[in-house]
Amino acid sequence: MVADASAILAVLFDEDGGDVAAPRLARAVVCSVNAAEVEAKLLDHGVPATDHDEIWRDLEVAIAPFDRATARIAAGILHRHRRKGMSLGDAACLATAAQLDLPAMTADRMWSEIDDAAITVEVIRR
């Protein structure tokens, strides 16, 4: 499972869908781009950067690098779906999922409209 930042934040901030995402995060992967999004939100919520490593350890997620191959896949996804409101972070998560041949987990309902046969999407919010 590749977790989008929105799924991780739903768990951390007890948001809608967090209860669905929490048991799936153990042994999940997060793209480094989405990890940066999580880090920024933690800072926005007043969580000191010195506490972030402990949060990542508690989540038990692995961080996948955003390399050139992933960037190329993400660019294609972004190009195809930008009009649907997709962000670079969204495309980075989906590209990581495609590259690792794993499903992507998100809180973003818009992803249910993604019609890419190579990527399975699980939306945690209904």
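Because the structure is a prediction, the values reported are computed rather than measured.
Across every non-hydrogen atom of Asn34 and Ala92, the tightest pair is OD1-C, 4.3 Å. Across every non-hydrogen atom of Ile63 and Cys31, the tightest pair is CG2-C, 4.5 Å. The nearest pair of heavy atoms linking Gly89 to Asp4 is O-OD1, 4.4 Å. Closest heavy-atom contact between Ile124 and Gly17: CD1-O, 3.4 Å. Taking both residues in full, the closest heavy atoms of Val11 and Gly18 are given as CG2-O, 3.5 Å, listed atom of the first, atom of the second, then distance. Taking all atoms of both residues into account, the shortest heavy-atom contact from Ala91 to Ala74 is CB-O, 3.5 Å.
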Between Ile55 and Val38, is a side-chain contact (heavy atoms from CB on, under 4.5 Å) present by the stated rule, with each step listed?
CA-CA 11 Å; Ile55 290 168; Val38 170; 6.0 Å; no
Could you go through the side chain to side chain donor-acceptor pair (under 3.5 Å) check for Thr106 and Ser6 one step at a time?
CA-CA 6 Å; Thr106 184; Ser6 64; 3.0 Å; yes
Before giving the answer on side-chain contact (heavy atoms from CB on, under 4.5 Å), spell out for Glu15 and Arg125 the whole-Å C-alpha distance, their side-chain angles and the decisive distance to 0.1 Å.
CA-CA 10 Å; Glu15 297 172 352; Arg125 292 182 182 153; 2.9 Å; yes
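A distance of 7.5 Å separates CD of Glu39 from CG of Asp53, quoted to the nearest 0.5 Å. Put simply, CD on Glu37 and OG on Ser87 are 6.0 Å apart, with the number rounded to the nearest 0.5 Å. The structure places CG of Leu94 at 5.0 Å from CD1 of Ile119, a figure rounded to the nearest 0.5 Å. Put simply, CH2 on Trp111 and NZ on Lys84 are 13.0 Å apart, with the number rounded to the nearest 0.5 Å. Atoms CD and OG1, on Gln99 and Thr70 in that order, are 3.5 Å from each other to the nearest 0.5 Å. A distance of 7.0 Å separates CG in Leu42 from CG in Leu9, rounded to the nearest 0.5 Å.
For Asp101, the CG atom is loosely surrounded, since the number of other residues' heavy atoms within 6.0 Å does not exceed 12.
Side chain of Arg80 to main chain of Gly76: a donor-acceptor pair is present (N/O by atom type, distance under 3.5 Å, no hydrogens or angles). For the pair His45 (side chain) and Lys41 (backbone), a donor-acceptor distance under 3.5 Å is present.
You'll find the side chain of Val33 stays beyond 4.5 Å of the side chain of Thr96, heavy atoms only. Taking the side chain as every heavy atom from C-beta outward, Met110 and Asp90 approach each other to under 4.5 Å. Counting heavy atoms from C-beta on, the side chains of Val123 and Asp108 never come closer than 4.5 Å. Taking 4.5 Å as the limit, some side-chain heavy atom of Trp56 sits within range of a side-chain heavy atom of Val30.
Cluster membership for Ile114 and Val2, using ILVMFWY side-chain heavy atoms within less than 4.5 angstrom, is not shared. Placement of Ile73 and Leu88 within a single hydrophobic cluster is found when ILVMFWY residues are connected by side-chain heavy-atom separations under 4.5 Å, directly or transitively. Met1 and Val29 fall into different hydrophobic clusters, where Ile, Leu, Val, Met, Phe, Trp and Tyr residues are linked whenever their side-chain heavy atoms come under 4.5 Å apart, directly or through other members.
Of the residues Ile8, Leu25, Val20, the one that meets the side chain to side chain contact (heavy atoms under 4.5 Å, CB included) test with Met105 is Leu25.
Under a 4.5 Å side-chain heavy-atom criterion applied to ILVMFWY residues, the cluster that includes Leu43 comprises that residue alone.
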